[in-house]
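Heads up, the thing below is written out as structure tokens.
To find a chain, count down the sequence lines: A is the first, B the second, and so on, and within it residues start at 1. Treat the numbers as computed from the prediction; the structure is a model and nothing was measured.
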Amino acid sequence: MDHILSVLVFFPAVAGLLGFVVSKESIRAYGISVAAIEFFLSLWLWFSFDGSYPGMQFVEVLPLIPSFGISYYLGVDGISLFIVILSTFITLIGLIALSIEKDVKNMIVSLLFLEMTMVGVFVSLDAILFYVFWELSLVPMLYIIGAWGGELRVYAAIKFFLYTFAGSLIMLVGMLVMAYLYYQATGVWSFSITEWHRLILPMNYQIWLFIAFFIGLAIKVPMFPFHTWLPYAHGQAPTIGSVILAAVLLKMGTYGLVRLPLPMFPDASVYMIYPVAVLSLIMIIYTAMVAYAQKDMKQVIAYSSVSHMGVIVLGTFAMNPEGITGSVFFMLSHGIVSGALFMLVGVIYDRRHTKLMSEFGGLAKAMPRYATIMGIMVMASVGLPLTMSFVGEFLSLAGFYQISHTMTILAGSSIILGAVYMLSLYKKSFFGDVVHEKNKKLKDLDGKESMALWTLVLVTVWLGVYPKPVLEPINTSVESLVSFMHKKAMTDEAKSVIRPTVIKREAE
Amino acid sequence: MLEPISVSMESLNLGTLAPMLVAIVGALGILVIDLIKKDLDKTLYVMLSVLILFVDLGAVFGQRLGDRGFFDVMLIDGLAILSQIVILAASMLFIPLALTSRRFHEYSYPEFFALFLFMVAGFQFMVASDNLILIFVGLETASLALYTLIALHNRERSFEAAIKYFVMGALAAGFYVMGAMVFYALTGSVELYKIAEILSVSGFANMTLVLVGVSFMIAAIGFKLSMVPFHTWTPDVYEGASAALAGYMSVVPKIAGFVVAMRVFELLIHSDVVWVRDVLYVAVVVTMTLANIIALVQRDVKRMLAFSSISHAGFVMAAIMIGTTQANSALFLYWILFLFTNLGAFAMLWVSRHKAAVWGDGRFDHPYEKFAGMIHIMPVGAVVMALFMLSLAGVPPFSLFWGKLYIMSAAVNSDYIILALIMAINSAISAYYYLKLIVYMFLKDPSESGRTVYMKNASKPLQTIIGFSVFLTVFAVLAVDPMWEFISTYVQASGF
Amino acid sequence: MITLSHYLILSAILFCIGLYGVYRRKNLLLLLFSTEILLNAANVGFAAISKFYGDLTGQMFAFFIVAVAASEVAVGLGLMIVWYKRRGTLDIDTLQSMHG
Amino acid sequence: MIETIAFYLFSAVTIVMFWITVSSKNALYSMSALAAGMIMISGFFFLLDADFLGVVQIIVYTGAVMALYAFGMMFFDTTREVKENIRAPKLVFLLSGLTALLLVIAFVAPIAADHIKAFYPMVEGVENPQAVGVVLFTKYLVPFEVAAVMLLVAMIAGIILAGKKMDESLTLKIEEEFQEKGAK
Amino acid sequence: MEHMETYLYIALFAPLVGSLFASLFADKPKMLVTGIGTSTLLFVSWVSSVVLLMHVYHGDVVHVKMMDWIHAGGLYIPFGFVVDQVSATMMFVVTTVSTVVHVYSIGYMDHDRSFNRFFAWLSAFVFSMMVLVMSDNFAGLFIGWEGVGLCSWALIGFWYERESASWAANEAFIMNRIADLGMLIGIFLVYWNFGSLQYDVVFAQVDGMDATILMMTTAFLFIGAMGKSAQFPLHTWLADAMEGPTPVSALIHAATMVTAGVYLVIRANPLYSLVPEVSYFVACLGAFVAIFAASMALVNRDLKRIIAYSTLSQLGYMFVAAGLGAYWVALFHLMTHAFFKALLFLGAGNVMHAMDDELDIFKMGGLSKKMKWTMIMMTLASLALAGIYPFAGFFSKDKILEVAFAGDHYILWAILWFTAGLTAFYSFRLVMLVFFGEERYKIFGFHPHEAYRYMLFAMSPLAILAVIAGFFEHDFIHLVSYALPIEEYEVSHTVFWILVVITQGIALGGIALAVYKYSHGGFSKKWEETFIYKLLFNQYYIPKIYDEYICKPYAEISTIMWKDFDLKIVDATVDFIATSIYKSGMASRVVQSGNLSNMLRWMGVGLLILLVAAILYSPVR
């Protein structure tokens, strides 16, 4: 099937449009089936994907605005493949666990549109197309946060939108400059990212462009100090919104880092390692502390997301296959784990309409199954081995260790501080005696919740124990990316920092 | 005694005049029909006007690129053709907006349609000439007709709007003639190409005077383009005029103004008169930014759109300041895309028009509160409006994004990266007020359940027009490339 | 000797008197008078330039300015009549229902 | 010499007249001064060999426009004192004064006319109206016609704006009222 | 050989199967089958371990690679397991103790609501421990390392309703995490310098490796060991971990998990033996902890905490041995200690059962009448702990003293020697106060009773091992000589006997003192007023210092970070930008006054500005 990517991108949107016809009672089933089909399509993509080929696969090119070099250019490689699957997977799980009653049709249609934009971002290989999906993803999310959120939902939604929008516009300027430079170099307009990768720019251009791209991406990640939209967005969003936001939308930022500035500006990236790493460190440590101070469960998880994203960024800037593979894998695991955590908080919120930890205590007694899954996910979030997170975190930190020992030690404090806030959350709400009268009669997980959550647990453990099927294609692509960067780098410093795999596996 | 003058018909190049003649004759025809039989329905006039405009458009396409006619008064270059197409397209979209299901005062006059066609002709003259006199006369013809059209809406605010517009227009006319006088004093000519020629031959000997002339011209054209601080009329006039006309005003007079501005300023910019460039730079930035931040605090959607259109005009003025072919082509692309979106947005307001101002303190016709919870009452309407808003905000892939892309690209390509960044930041700021409407429509609950009728004014033709606009707004990306080819051919051909 | 500059300066001064009136006048009718002065100031300039260059274009422009002035009077008066019928006054300060 | 004297005389009178126009509190004075100023301006035209223009000035302005204004003044009942609430008069004065100063500075410098040639020269021995006519009906034929359209527009505008039909606003009427009317 | 792999997998996965089986019923009421099932599976695991132990006794090594785990860039980590002499010993110890503990727990947890959950976690722990000891690479070790940490967390906090239990659980986890960071860094160092994490690959390259790198690697790895083995300053969690059920304390916090640190040092001996500085530091820290913990045990009144401190103290001994290069001695002491310490804890469990979970030894006394068997077994264990011949402790502990002496580390020796006395004293202080003397429990209205018969049976293997384990010294040496360096210590026969005598002397002296003092009413109340007593009783104020100077400031700083920095500076800046734009919009509205006059004037202002610019600018052009 040649156009599987197009189908993958547009199927949910088309289905969403058709969904308007479906009656309100059956819309849930409709949504789940569409998401399931989409998910199976993405699995199909995986099966037909050649894991040993590092380049782009299933490429589709169609000139859109040929005079300006904008084309409809899709493709996946090992890096994007799994994030696409993650997007479809999380959407499916989110839809299964969806507990919203109000305007459920609008919700499902928006979710399907959101799915289109998410998949679109990850398969676009044309900068403008990427940008289109990138921006478009804000719209359904705005609606989801704003229409179904908490008290401050409008504030949160607008903050989310404007912040990201402003950042990405700066990135757009960067893209235009890039296109112009490409034009000057070759005499042809092109927005193709793969073409841009081939452009070797002088250092000062690289740095400015790097900054332009970085700002746009950093806000999405969100890097300190651009992170403050996130707690609001998460805090106010409905469960499904938080789940998708944390699981997929944040990944757009880090994915963008891997896809855009790194291969485009290897020298500048190397030059900027330390500033970026310092920001990441602040993110890791500082937000972990802030998370500890939170009183609201969801805010803890929101800030923990920021903290973990710091590790991802750090891994990305390790500039070696270990670190980048690790950070890509960490994106996936963070998607699943934080998605699950948000879903779990949503479960309790649905029952009690509060997320304050002080309202709870002893939930382990009242809702043992719930507590079990929460426990597993808390431990996964903390990065326990044999869960997905460990693989990612381990590789990211291991990779960055090559760059800076001290910084890695500081960044490694995330495993301590993460344990501090996560365990204190767990203790405050799940341990102890059931104090509140209301908490005594809480219903444990129901069927659809269990199904959604156990699936996530299974994936978490499966990929923690046997990450190979995922890790291998990622690694293949990342290795070729890194050696490409190494080849492309001009300065000696960059050449020495960007190290393609030199240590061969002894199994061979 | 003078020699008798013989002029051959060919040298007159009557074809250059054909489009305007169509409009004028059409207008006269309408007046005659009214004389013959009174009390004909407005639908007749609407359709007649559309047909006349259609013929007019045909005539425009029939024009030959680069023609000059009537002793070189008429100039049919790419700009003229492009802008006439824009003008006519906007007019053809605008006129059917008269087919509301509510009755409005202005449409009871056949003269309304006649005046409208005269106005179109006036704008056409304005863009199809580089003679300051003809520009002036065309401008005044159009303006006088426009003042009247505004006032014909016949309520107090329309009069207020018309009077404000009129008085400020008179002052701007004063500025214009002073500017023209200075140029004439400097060069002995009122034809721009000759002015350019003589100025460059003399090497801009009396620079001060040149700049004084340019100052007057900026003031005069700035008024038309609602550049800060000559913009103050815009929101009031838009508010006072009917929503349909406001939408029209946000598009057509401005494109005419852009063409004139291009003709006047480019000759200086291309002669490296840095002053013009710098002053325009400042003006552009201030216009964009100030209009944006004032729009932030508006409580009325129509006023917000007024400020937003000022901001958009500022955005586009940047293209003139940049002055490359790419920039000038981008201007047209932007404005064509803006045409559909903005006219669509105003048409939505028009559709939701209530006769009585029943929201809040009655100060506004279209306060934000009016749209609260629209998604629950009028889902399609809300979605359509939201699409227009997103497009105006520059969210891809909707139409205006591509316009912004091209203009920002033009800025970047001429090393105005700071300007491009300012544009980007302004787009971000502007997103706030567009979002505000979306927030009201989608995220708030309907305020008063009794007053939830939004589409009272909607009729099939209006819906069709809006649908058309939506279609173009959403699928603009497919049209961008052919449009760009077309536009840049024409712009290039006219040497800008 | 009266040079072109003399006329231009005169034109400028007249123009500024007109401007002064435009800024100052609060009565619409009188405001309209001031705009006439603006246009006339330019007319003087055009006529003078025309004379000094021996070129007729200036006079042409002046003709058209006169025509425009006349048209503006017609439309302006029409608007004023409508307004006056409604509000019984021509004071500009009454034109303030729209602001912000 | 006479020319010089005439220039200064006319200038002084025009300036004074226009000053009265813009500053007088009495509308009647104001209008009379405007009319006088207009006539003085036509004096300039005659002085500048633009006879036809001078005549047009007198006829159009002093004749038509002033008549319109006079009619308007009577209609608006502003024949006597006009009450104006002038805010920040100093600012107004400063604003226009500064503009004047700058313009004068700009215009004082003589204009280098080396490169300038007349495109539509005044021919010796040809009467001004005749020369004007030729140019007007060749080169400026189109603007002339457009001006005609403009006047037509202005006329229509004036008529319908001042007309009776404007007294009752259909815009403000709600649909029910129309139906009542129809029922009658 | 094939079937040896099978045994390996059985030994490894039987506990996991048991755990998963029990966890199926985790939220159900008590089902005996979970207890029996897991115990049986552990027995199976034990049998396999014994078979493997037999197999490796003659120098064979079983090494399997189950599957790939992580492969990224140059980093390749498989799930590989190795059963060599060291890990076989550990497996034997682990499975033995855990089988006993499992069986014991069936009785001990008899009435507990979460019986099934307990067994799920307990077996999970055993599985993690097996992974830890059997892994053939550092990453696998780390998996087990974290796994036991997790299970320890869950089991300490088993009675999560109790605030103190859940607090202790978190403390243990977080403390361990701090150390784990060190471990992780150590692993990174290994990877980036050796290019692999496989033990054999790494150890094959140690020669010629840069000394600094080796030092850093070993130091960081040791930080990891310090956390698991609760060495100073990360020791506080161990005493608090006594909040968990007593079988847990016996298994995790005495016999197995806490010795993982020692195991790591032993396992990484090729590295440590090349870095004398670090090794010596390890030894010194061990000696310090030995006496430090013993001193705290002297005055504590909590039955389990006393034993916990003694565990700590004994871990110190092991580190001394390991630090001095006598890895096999460390391992030996690890093994014997596991037996008698587990026994001690299980005995304590019996006492607690009898005393309705009362822990204050001053509320007990004279229990020997009611609980004869428990008394006997705990006395045996205490004797072993005190290092009295012929009990197991004698052989291993004396060996450590001998090593210290032979290595000319007289100060270390002296400390250890003194500690031996302290150990004997506090052990018998405990025995005396619990089992002999006045029957104080009656005052408090307890009705003690002996434990279930089969619990006592379950303990008996340990009791036997505590007595006889020492006699297998030579077999043990033979066994581990394949994997560890066996050095002969140059101590003359005479010196050897003198050492034995004085060590036995101080131990017996300690016992005698304890027996004498506590059969005569104990120390006077005045002693409790002294500074020393308070210092020791309050554990040198270390927990308080941690609480005051680390935990509380951290919480406060966190709150400040959130409320004052994040909300008031970072977020406020963003909002400030937004609101100032909005406010400037409000301010700019003056332009839009709606008054025509003003509007005209604005146009005039615009014109004026342009003219000024024109005049001023024109010379520039």
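Side-chain N or O atoms of E/Glu161 include none that pairs as donor or acceptor with a backbone N or O of A/Gly362 at under 3.5 Å.
Between chain E and the residues A/Phe224, A/Phe226, A/Tyr303, A/Trp229, the largest count of heavy-atom pairs under 4.5 Å involves A/Tyr303. Of the listed residues (A/Ile324, A/Thr476, A/Thr372, A/Val382), the one with the most heavy-atom contacts under 4.5 Å to chain E is A/Val382. For the set A/Tyr232, A/Tyr466, A/Tyr401, A/Phe430, the entry with the most heavy-atom pairs within less than 4.5 Å of chain E is A/Tyr401. Contact tally against chain E (heavy-atom pairs below 4.5 Å) for A/Gly323, A/Ala398, A/Pro467: the top residue is A/Ala398. Counting heavy-atom pairs under 4.5 Å between each of E/Asp180, E/Leu181, E/Ile178 and chain A puts E/Leu181 at the top. Interface remark: of the candidates E/Ile143, E/Leu567, E/Ile557, E/Ile77, E/Ile143 forms the most heavy-atom pairs closer than 4.5 Å to chain A. Listed options E/Ile560, E/Asn176, E/Asp27, E/Ile185 were ranked by heavy-atom pairs under 4.5 angstrom with chain A; first place goes to E/Ile185. In terms of non-hydrogen atom pairs under 4.5 Å with chain E, the most contact-rich of A/Val482, A/Thr325, A/Leu162, A/Asp433 is A/Asp433. Counting heavy-atom pairs under 4.5 Å between each of E/Phe79, E/Trp153, E/Trp145 and chain A puts E/Trp153 at the top. Ranked by non-hydrogen atom pairs under 4.5 Å with chain A, the options E/Leu189, E/Thr573, E/Ile187 are led by E/Leu189. Between chain E and the options A/Ala364, A/Pro368, A/Pro321, the largest number of non-hydrogen pairs under 4.5 Å is found for A/Ala364.
Distance check: A/Leu397 CG to E/Leu184 CG gives 6.5 Å after rounding to the nearest 0.5 Å. Separating the CZ atom in A/Phe431 from the CZ atom in E/Arg162 is a distance of 13.0 Å, to the nearest 0.5 Å. With rounding to the nearest 0.5 angstrom, the NE2 atom of E/His71 is 10.5 Å from the CG atom of A/Leu395. To the nearest 0.5 angstrom, E/Thr559 atom OG1 is 8.5 Å from A/Tyr292 atom OH. Rounding to the nearest 0.5 Å gives a distance of 10.0 Å between CH2 of E/Trp192 and OG1 of A/Thr408. Between the CZ atom of A/Phe329 and the CD1 atom of E/Ile70 there is a distance of 8.0 Å, given to the nearest 0.5 Å.
Looking at E/Met561, both its backbone and its side chain come within 4.5 Å of chain A, counting heavy atoms on both sides. Heavy-atom distances place both the backbone and the side chain of A/Val465 under 4.5 Å from chain E. For a residue to count as touching a neighbouring chain, one of its non-hydrogen atoms must lie under 4.5 Å from one of that chain's; by this rule E/Val570 touches chain A with backbone and side chain alike. Only the side chain of E/Met216 comes within contact range of chain A, with at least one heavy atom under 4.5 Å from a heavy atom of that chain. Residue contact with chain E, scored on non-hydrogen atoms closer than 4.5 Å, involves the backbone and the side chain of A/Thr228 alike. Contact annotation for E/Tyr554: both backbone and side-chain heavy atoms come within less than 4.5 Å of a heavy atom of chain A. No part of E/Arg117 comes within reach of chain A, as not one of its non-hydrogen atoms sits under 4.5 angstrom from that chain.
Counting heavy-atom neighbours within 6.0 Å of E/Tyr9 OH, excluding the residue itself, gives a total above 12.
Side chains of E/Asn170 and A/Tyr426: no donor on one and acceptor on the other come within 3.5 Å.
Among all heavy-atom pairs drawn from A/Gly383 and E/Arg177, the shortest one is O-NH2, 3.6 Å. Nearest heavy-atom pair across E/Ser558 and A/Met289 is CB-O, 3.1 Å. Across all their heavy atoms, A/Glu322 and E/Gly74 have their closest contact at OE2-N, 2.9 Å.
With contacts defined as side-chain heavy-atom distances shorter than 4.5 Å, the pair A/Tyr155/E/Asp575 qualifies. Looking only at side-chain heavy atoms (C-beta outward), E/Phe173 and A/Met422 stay at 4.5 Å or farther from each other. Here the side chains of E/Asp68 and A/Glu472 are not in contact, with every heavy-atom distance at 4.5 Å or above. Residues E/Glu146 and A/Ile415 fail the side-chain proximity criterion, which asks for heavy atoms closer than 4.5 Å. Side-chain atoms of A/Gln299 and E/Trp562, non-hydrogen and from C-beta on, never get closer than 4.5 Å to each other. Residues E/Phe142 and A/Phe394 form no side-chain contact, since every pair of their non-hydrogen atoms from C-beta on lies 4.5 Å or further apart.
In this pair, E/Phe565 and A/Tyr286 present their aromatic rings perpendicular. The plane angle is above 60°, beyond the 30 to 60° band.
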